[in-house]
Amino acid sequence: MLSVPQLNLGSVDAINYKTRDQKEFFSKILYREEYLEQILLRNKYFLIGEKGTGKTSYAVFLNNSDYSETLSRIVTLTQTDYRRFVSLIEQKKITNFSYVDVWKVILLLLAADGISTIFNNIEGKFPKFAALRSAIDEYYHNAFRPEVDKSLDLIENAGEAARVLASHPEEVTADPPAEAGGFASPKVNLGYLEHRFRNALSSLKLSKDFVLFIDGIDIRPDQISYEPYIECIRGLANAAWELNTEFFSNIRDTKYHIKVVLLMRPDILDNMGFQNLNAKVRDNGVVLDWMTTYDGFRNSALFKLVAGTISKQQEVGTQTLWDVWKYYFPYEMENLRLAEVVDDPFVGFLRYSFYRPRDVVQYLQLMQAHVIKHQDNKDFFSRDSFDKCQREFSDYLLGEVKDYLSFYHSTVDFDEVIGFFSQLGGNNRFSWDQFKGAFSRYRTSLSDKSVTIRELKASPEEFLQFLYSLNIIGYLEPDEFGGNFVHYCFRDRTTVKLRPKVRYGLQYQVHPGLQRALLVGGKTRRRHRPKHKKRIAVSIEQAAKPSSLTKGDKE
């Protein structure tokens with residue numbers, strides 16, 4: 001077995017796997033069993049998941065690979081792209097045609113460039129596509145980069161672009177159209193560009209499927225308010241839908257197909273204005289859902305992904321995934337419902353996270369750093385390494401919450417959220433009446449002019465829903481064991497119920513992963529932790545030979 005310092009725990013941001021030295025490692029550890037083949041189905045146009053659930057990971061893997069008769073390209077939207085798009089709107093350079101028309105041309109250009117780059121010598125086989133490629137090279141002076149910002153040059157100067165394309169006719173014998181000297185309007189220019197792209201792409205007979213992934217959809221610049229951003233993305237989503245369903249899927253006489261896949265958070269998809277959204281999600285989406293239970297985690301996709309990342313680096317012969325996991329995590333967690341029961345360490349990662357791969361990877365990286373710096377035996381992780389990293393992980397998780405909030409409200413002062421919890425007297429659990437009392441005291445301490453959170457100005461009901469939607473607070477529902485099941489927004493959210501509602505008049509709890517950052521629950525944590533007998537870590541080989549263990553070891 002590798003020692004803990006030797007383990008490669010991967011990257012929190014999957015975009016780093018595009019580098020040459022990381023591609024092979026990423027291909028080795030990627031979890032493929034649940035979702036990869038679904039993404040490649042020709043009717044799947046949306047890859048859906050919360051931030052940190054692995055959307056970019058799958059897109060980057062396919063971008064890096066020649067996999068299952070499919071070649072792919074990933075294009076990531078940046079803050080510059082959104083600012084440029086909105087700037088063109090404000091300058092009234094794209095007012096005569098819809099956002100959908102603009103995005104269709106951009107997507108067609110990116111798809112054409114991707115195909116030209118990835119498929120060898122394709123221009124030599126298809127004259128219409130060769131003419132288009134030649135025109136693009138002339139317009140961009142052979143310096144086009146696969147970016148939305150560069151594609152917008154074509155939109156901003158649609159008249160000039162149309163003249164360049166017209167000077168490269170689809171057929172050698174064809175006469176340049178009369179419009180080559182100039183078109184009547186920007187809308188006509190854009191229509192001509194789309195027409196030429198469609199003709200060129202529909203003439204291709206590809207040797208493999210091609211997928212264009214669009215990432216970065218959940219990146220909104222602070223300078224752009226939420227409504228213009230949503231209008232921009234709504235145009236992108238509808239353009240991709242139209243191209244996929246009306247154009248790409250209907251190209252005839254070809255075995256292989258082209259499609260555009262958008263990487264989208266469910267809350268953003270819910271704002272795209274699609275009719276029959278639930279049907280589209282079921283029929284045309286792949287939802288990355290890593291939910292599991294404490295009792296059933298061993299069969300979950302999340303456990304297999306995390307444990308697989310460690311196991312696939314070993315040369316362990318016939319040892320199972322579970323064997324490897326138990327070698328590296330030989331300690332136990334207390335069960336917070338039943339004192340006589342203990343939990344596996346993986347339950348600790350579930351308890352403190354939002355059930356996302358990114359969260360668990362971040363926690364493991366913090367623990368690895370602690371083991372390297374502080375632990376004498378570096379063969380495996382310890383309970384001490386888990387406990388000592390809780391504060392750092394709590395700060396990370398609070399940062400994730402802050403990022404989520406700033407996506408919708410860039411002008412919100414996040415300190416207003418943090419400040420509220422000082423009114424709870426250090427308690428991580430509280431009743432509805434206690435919450436209302438804390439809300440009243442906090443509102444009194446703030447002036448109306450300084451409050452930036454609308455829900456904090458409204459009512460305790462709205463503020464509780466606000467905190468629940470951010471996954472900061474959950475509500476308790478009694479279970480059959482005499483304990484409570486805690487409902488958090490991320491647990492309750494489904495493709496049908498994208499915006500679950502909190503229940504009022506109950507008991508509530510601050511999410512365990514956020515308690516340290518919010519300075520609540522310290523006494524509760526100490527009270528819940530039982531004293532365990534000292535456990536002695538043994539190797540898999542020793543565990544396979546019970547006779548080699550002493551009585552003390554067994555205890």
Notebook entry, point to check: Where is the tightest heavy-atom contact between Leu518 and Leu398, given as atom of each residue plus distance?
Noted result: CD2-CD1, 4.1 Å
Note to self: If we ignore hydrogens and angles and just use 3.5 Å, is the side chain of Arg83 paired with the main-chain N or O of Pro221 as donor and acceptor?
What the structure shows: no
Item checked: Option among Val486, Leu467, Ile473 that satisfies the side-chain contact (heavy atoms from CB on, under 4.5 Å) test with Tyr508 -> Ile473
Item checked: Non-hydrogen atoms of Ser459 and Phe439 that approach each other most closely -> C-CZ, 3.6 Å
Check: Would you say Arg358's side chain and Gln362's backbone share a donor-acceptor pair under 3.5 angstrom?
Finding: no
Checklist line | Pairing of Arg351 and Asp343 as salt bridge, 4.0 angstrom limit | finding: yes
Margin query: Using ring centroids (six-membered ring only for Trp), state whether Phe354 and His511 fall under 6.0 Å.
Written below: yes
Next item on the list: Look at the side chain of Lys378 and the backbone N and O of Val371, then say whether any donor-acceptor pair between them is shorter than 3.5 Å.
Entry: yes
Next item on the list: Please work out whether the ring planes of Phe386 and Tyr331 are parallel, tilted or perpendicular, with thresholds of 30° and 60°.
Entry: tilted
Check: Between Gln465 (side chain) and Glu461 (backbone), is there a donor-acceptor pair under 3.5 Å?
Finding: no
Next item on the list: Report the relative orientation of the aromatic rings in Phe349 and Phe329; use parallel for angles under 30°, tilted for 30 to 60°, perpendicular for over 60°.
Entry: perpendicular
Next item on the list: Measure the CG-CG distance between Asn377 and Asp379 for me, rounded to the nearest 0.5 Å.
Entry: 4.5 Å
Item checked: Heavy-atom closest pair, residues Leu40 and Ser68 -> CD1-CB, 3.8 Å
Next item on the list: Report yes if the distance between the aromatic ring centroids of Phe380 and Tyr328 is under 6.0 Å, otherwise no.
Entry: no
Notebook entry, point to check: What heavy-atom pair brings Ser394 and Gly513 nearest, and what distance separates the two atoms?
Noted result: OG-O, 2.8 Å
Check: So, Arg493 and Glu50, do they make that salt bridge, N to O below 4.0 Å?
Finding: yes
Notebook entry, point to check: Do NZ/NE/NH1/NH2 and the carboxylate oxygens of Glu332 and Arg383 come within less than 4.0 Å?
Noted result: no
Notebook entry, point to check: Are any side-chain N or O atoms of Gln314 and backbone N or O atoms of Leu2, one a donor and one an acceptor, separated by less than 3.5 Å?
Noted result: yes
Note to self: Does this structure show an ion pair linking Arg454 with Glu462, if we count only N-O contacts that are shorter than 4.0 Å?
What the structure shows: yes
Checklist line | Ile230 CD1 to Asn271 CG distance, which is reported to the nearest 0.5 Å | finding: 5.0 Å
Margin query: To the closest 0.5 Å, what do you measure between OG (Ser300) and OH (Tyr294)?
Written below: 12.5 Å
Check: For Ser27 and Arg32, what are the C-alpha separation, side-chain angles and deciding distance, and is it a side chain to side chain donor-acceptor pair (under 3.5 Å)?
Finding: CA-CA 10 Å; Ser27 179; Arg32 309 183 186 192; 3.2 Å; yes
Checklist line | Stepwise ring-ring contact (aromatic ring centres under 6.0 Å, His included) test for Tyr475 and Phe435 | finding: CA-CA 12 Å; Tyr475 65 89; Phe435 179 84; over 10 Å; no
Next item on the list: Say whether, by atom type as modelled, one donor and one acceptor occur between the side chain of Asp395 and the main chain of Glu392 under 3.5 angstrom.
Entry: no
Check: Is it the case that Arg265 places NZ or CZ above or below the six-membered ring of Phe407, under 6.0 angstrom from the centre and within 45 degrees of the axis?
Finding: yes
Next item on the list: Before giving the answer on side chain to side chain contact (heavy atoms under 4.5 Å, CB included), spell out for Ile418 and Asp415 the whole-Å C-alpha distance, their side-chain angles and the decisive distance to 0.1 Å.
Entry: CA-CA 5 Å; Ile418 298 173; Asp415 287 341; 4.2 Å; yes
Margin query: Between Tyr58 and Leu30, is there a side-chain heavy-atom distance shorter than 4.5 Å?
Written below: yes
Checklist line | side-chain hydrogen bond (donor to acceptor under 3.5 Å, both in side chains) partner of Ser382, the single match among Gln375, His370, His374 | finding: Gln375
Checklist line | Carboxylate-amine/guanidinium proximity below 4.0 Å for Arg499 and Asp270 | finding: yes
Item checked: Donor-acceptor contact below 3.5 Å, side chain Ser450 vs main chain Leu446 -> no
Next item on the list: Answer whether the closest heavy-atom distance between the side chains of Leu77 and Asp215 falls below 4.5 Å.
Entry: no
Margin query: Keeping Tyr442 on the side-chain end and Glu416 on the backbone end, is there a donor-acceptor pair under 3.5 Å?
Written below: yes
Check: Taking atom types as modelled and ignoring hydrogens, do the side chains of Gln6 and Ser3 form a donor-acceptor contact shorter than 3.5 angstrom?
Finding: yes
Notebook entry, point to check: Hey, are Gln509 and Tyr488 close enough side-chain-wise for a donor-acceptor pair under 3.5 Å?
Noted result: yes
Margin query: Taking Asp344 first and then Lys326, would you say they form a salt bridge - that is, a charged N and a carboxylate O separated by under 4.0 Å?
Written below: yes
Next item on the list: Report the C-alpha separation of Leu476 and Arg429 in whole Å, then their side-chain angles, then the decisive distance to 0.1 Å, and conclude whether the side chain to side chain contact (heavy atoms under 4.5 Å, CB included) test is met.
Entry: CA-CA 10 Å; Leu476 279 60; Arg429 285 193 177 187; 3.7 Å; yes
Notebook entry, point to check: How long is the gap from OH on Tyr327 to CE on Met1, to the nearest 0.5 Å?
Noted result: 6.5 Å
Next item on the list: Output, in order, the C-alpha distance, side-chain angles, deciding distance and verdict of ring-ring contact (aromatic ring centres under 6.0 Å, His included) for Tyr352 and Phe393.
Entry: CA-CA 9 Å; Tyr352 284 87; Phe393 181 77; 7.4 Å; no
Margin query: Once you measure the plane-to-plane angle for Tyr35 and Trp290, does it fall in the parallel (<30°), tilted (30-60°) or perpendicular (>60°) bin?
Written below: perpendicular
Next item on the list: Considering only NZ, NE, NH1 and NH2 on the basic side and carboxylate oxygens on the acidic side, decide whether Lys51 and Asp403 come within less than 4.0 Å.
Entry: yes
Check: Taking Lys44 for the side chain and Asp283 for the main chain, is one N or O donor matched with an acceptor at less than 3.5 Å?
Finding: yes
Notebook entry, point to check: Quick one: are the ring centres of Phe274 and Phe46 less than 6.0 Å apart?
Noted result: yes
Next item on the list: Check the side chains of Ser72 and Asn63 for a donor-acceptor pair under 3.5 angstrom, ignoring hydrogens and angles.
Entry: no
Item checked: Evaluation steps, side chain to side chain contact (heavy atoms under 4.5 Å, CB included), between Ile214 and Val261 -> CA-CA 6 Å; Ile214 304 296; Val261 174; over 6 Å; no
Item checked: Euclidean distance, Glu231 CD relative to Leu236 CG, rounded to 0.5 Å -> 13.0 Å
Checklist line | Contact summary for Leu262 and Ala237, nearest pair of heavy atoms | finding: CD1-CA, 3.6 Å
Margin query: For the backbone of Ser431 and the side chain of Gln434, can you confirm whether one donor and one acceptor N or O come within less than 3.5 Å of each other?
Written below: yes
Next item on the list: Kindly indicate, with the supporting measurements, whether the criterion side chain to side chain contact (heavy atoms under 4.5 Å, CB included) is fulfilled by Val60 and Ile74.
Entry: CA-CA 7 Å; Val60 167; Ile74 180 171; 4.2 Å; yes
Next item on the list: Mind telling me whether Tyr67 and Phe61 have parallel, tilted or perpendicular rings, with 30° and 60° as the class edges?
Entry: perpendicular
Check: So, for Thr76 and Asp81, which heavy atoms are closest and what is the spacing to 0.1 Å?
Finding: O-OD2, 3.9 Å
Next item on the list: Taking the six-membered ring of Phe485 (Phe, Tyr or Trp), confirm whether the NZ or CZ of Arg491 is under 6.0 Å from its centre and within 45° of its axis.
Entry: yes
Item checked: Ile48 side, atom CD1; Met264 side, atom CE - distance, nearest 0.5 Å -> 8.5 Å
Notebook entry, point to check: Step by step, would you call Tyr468 with Asp492 a side chain to side chain donor-acceptor pair (under 3.5 Å)?
Noted result: CA-CA 11 Å; Tyr468 170 74; Asp492 293 345; 2.8 Å; yes
Checklist line | Plane angle bin for Tyr504 and Trp432 - parallel if under 30°, tilted between 30 and 60°, otherwise perpendicular | finding: tilted
